[in-house]
Peer 1: 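Below is the structure I would like to discuss, written out as structure tokens.
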Amino acid sequence: GRDDVLVADHVVVAVGTRPDVKYAELAQLELDEERGGLLVNSELAARSDLYVAGDAASYFDVTLSRRVRTPSHENAVESGRVAGRNAAGRRETYAHTPAHRFRVGSLAFSALGRVDSSLQTVAVLDAAAAAADTARGVVYYVKDERVVGVLLCNADEQVDNARRLLRRRKLFYDKTLMAQLISLDSSKA
């Protein structure tokens, strides 16, 4: 092989996770071959009276209108609550949009929904923060003229607003309006 050197300020490595499904296979539960995990409905049921939560669950995300498997602590906690309530007799749809939080140096990111480089993006930066040599902004990921993903940079207080925006599923024709969707003014948070 070759020894190549790449000089960089930061390196981000995402190794991924795949649940161990050997017992699920023995129980003849349906598996999601594409994403890993067990196939469950929007109430997190793998079959009648059997609920799956956390990164083991491949569920239909009602906000994104597609099947997902979300390996995150926030998803494990929130889906565990819904699965527990449903196991106790409720029929609650899992509709939480987990935020994936990570840091790169002094930058704190929160990613919600479908954050995918193949989608159209619209970035909105906080000019005042940039003038103060601080990065703060939001990147909207758009598919079929709808916002399907949001990446926040140093704007974690806007996570709930990003969730509400994704749930609304409204069409956005005017890209200049996108600067007003999520406020970057921390005094208004």
Side-chain angles (χ1 to χ4, degrees), residues 12-104 108-121 138-144 146-153 155-170 181-182:
V12 178
V13 178
V15 295
T17 61
R18 299 241 356 134
D20 183 349
V21 295
K22 63 183 167 209
Y23 294 115
E25 288 174 325
L26 291 172
Q28 297 180 340
L29 296 175
E30 291 183 80
L31 304 178
D32 185 337
E33 300 297 332
E34 181 182 343
R35 292 165 204 80
L38 287 78
L39 287 172
V40 299
N41 64 19
S42 61
E43 294 176 353
L44 303 176
R47 68 167 59 139
S48 183
D49 296 324
L50 176 66
Y51 296 87
V52 178
D55 63 356
S58 173
Y59 61 96
F60 185 79
D61 186 309
V62 294
T63 300
L64 298 176
S65 296
R66 69 182 193 135
R67 184 162 290 281
V68 298
R69 188 179 71 82
T70 309
S72 74
H73 175 264
E74 183 178 325
N75 177 60
V77 170
E78 295 299 324
S79 65
R81 288 178 179 149
V82 171
R85 288 191 291 263
N86 287 344
R90 276 200 191 162
R91 291 297 162 249
E92 183 178 329
T93 297
Y94 183 56
H96 182 72
T97 301
H100 300 276
R101 294 175 170 91
F102 59 96
R103 295 188 70 83
V104 178
F109 294 96
S110 298
L112 296 95
R114 187 172 173 199
V115 177
D116 181 338
S117 63
S118 70
L119 298 175
Q120 176 187 359
T121 58
V138 58
V139 178
Y140 299 100
Y141 292 79
V142 180
K143 181 176 183 189
D144 300 327
R146 296 181 194 276
V147 176
V148 297
V150 176
L151 178 65
L152 301 168
C153 177
D156 195 55
E157 76 283 354
Q158 294 298 329
V159 165
D160 288 335
N161 288 333
R163 284 191 182 106
R164 281 190 287 277
L165 172 66
L166 292 171
R167 276 195 299 269
R168 286 196 328 230
R169 300 178 45 93
K170 289 187 177 182
L181 295 178
I182 294 178

Peer 1: So, does Asn86 use its side chain to make a donor-acceptor pair with the main chain of Glu43 at under 3.5 Å?
Peer 2: yes
Peer 1: Check whether Ser58 reaches the backbone of Gly37 with its side chain - one donor and one acceptor, N or O, closer than 3.5 Å.
Peer 2: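 Looks like no, no N/O pair under 3.5 Å.
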Peer 1: More than 12 heavy atoms of other residues, nucleotides or ligands under 6.0 Å from CD of Glu92: is that the case?
Peer 2: yes
Peer 1: Would you please test Ser110 and Leu151 for side chain to side chain contact (heavy atoms under 4.5 Å, CB included) and show each step?
Peer 2: CA-CA 6 Å; Ser110 298; Leu151 178 65; over 6 Å; no
Peer 1: To the nearest 0.5 Å, tell me how far Tyr94 OH sits from Glu78 CD.
Peer 2: 6.0 Å
Peer 1: Indicate whether any N or O donor in one side chain lies under 3.5 Å from an N or O acceptor in the other, for Glu74 and His100.
Peer 2: no
Peer 1: Between Lys22 and Glu25, is there a salt bridge with N-O shorter than 4.0 Å?
Peer 2: no
Peer 1: Can you tell me if Arg69 uses its side chain to pair, donor with acceptor, with the backbone of Asp55 under 3.5 Å?
Peer 2: yes
Peer 1: Where do Arg81 and Val77 land on the side chain to side chain contact (heavy atoms under 4.5 Å, CB included) test, with the steps shown first?
Peer 2: CA-CA 6 Å; Arg81 288 178 179 149; Val77 170; 3.6 Å; yes
Peer 1: Side-chain contact test, heavy atoms from C-beta onward, threshold under 4.5 Å: evaluate it for Val21 versus Leu38 and give yes or no.
Peer 2: yes
Peer 1: May I have the step-by-step check of side chain to side chain contact (heavy atoms under 4.5 Å, CB included) for Thr121 and Val142, ending in yes or no?
Peer 2: CA-CA 6 Å; Thr121 58; Val142 180; over 6 Å; no
Peer 1: Output, in order, the C-alpha distance, side-chain angles, deciding distance and verdict of side chain to side chain contact (heavy atoms under 4.5 Å, CB included) for Val159 and Leu112.
Peer 2: CA-CA 8 Å; Val159 165; Leu112 296 95; 4.0 Å; yes
Peer 1: State the CZ-CZ distance between Arg85 and Arg91, to the nearest 0.5 angstrom.
Peer 2: 13.0 Å
Peer 1: So, Ser65 versus Arg169: side-chain donor-acceptor pair below 3.5 Å or not?
Peer 2: yes
Peer 1: For Leu50, what residues pass the side chain to side chain contact (heavy atoms under 4.5 Å, CB included) criterion, not counting sequence neighbours?
Peer 2: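 For Leu50, the residues satisfying side chain to side chain contact (heavy atoms under 4.5 Å, CB included) (neighbours in sequence not counted) are Leu29, Ala46, Arg47.
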Peer 1: For Tyr141, does its backbone N or O pair with a side-chain atom of Arg114 as donor and acceptor, under 3.5 Å?
Peer 2: no
Peer 1: Is it the case that Thr70 and Tyr59 place a side-chain donor and acceptor less than 3.5 Å from each other?
Peer 2: yes
Peer 1: Show the nearest heavy-atom pair for residues Ala95 and Val62, with the distance to one decimal.
Peer 2: CB-CG2, 3.8 Å
Peer 1: When rounded to the nearest 0.5 angstrom, what is the spacing between CG in Asp61 and OG1 in Thr93?
Peer 2: 11.5 Å
Peer 1: Within this structure, what is the CG-CG distance for the pair Asn161 and Leu166, rounded to the nearest 0.5 Å?
Peer 2: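 Going from CG on Asn161 over to CG on Leu166, the span is 11.0 Å.
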Peer 1: If every non-hydrogen atom of Ser79 is compared with every non-hydrogen atom of Leu44, which pair is closest and at what distance?
Peer 2: O-CD1, 3.3 Å
Peer 1: With rounding to the nearest 0.5 Å, note down the distance linking CG in Leu64 to CZ in Arg146.
Peer 2: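 CZ of Arg146 is found 12.5 Å from CG of Leu64.
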Peer 1: Is the backbone of Asp32 close enough, under 3.5 Å, to the side chain of Arg67 for a donor and an acceptor to pair up by distance?
Peer 2: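 Absent.
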Peer 1: What is the minimum heavy-atom distance between Gly36 and Pro19, and which atoms define it?
Peer 2: C-CD, 4.5 Å
Peer 1: Measuring from Arg164:CZ to Thr97:OG1, what's the distance to the nearest 0.5 Å?
Peer 2: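 Reported to 0.5 Å precision, the distance equals 12.0 Å.
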Peer 1: Cut-off 3.5 Å, side chains only: do Tyr51 and Asn41 have a donor facing an acceptor?
Peer 2: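 Note: Tyr51 and Asn41 side chains miss the donor-acceptor criterion.
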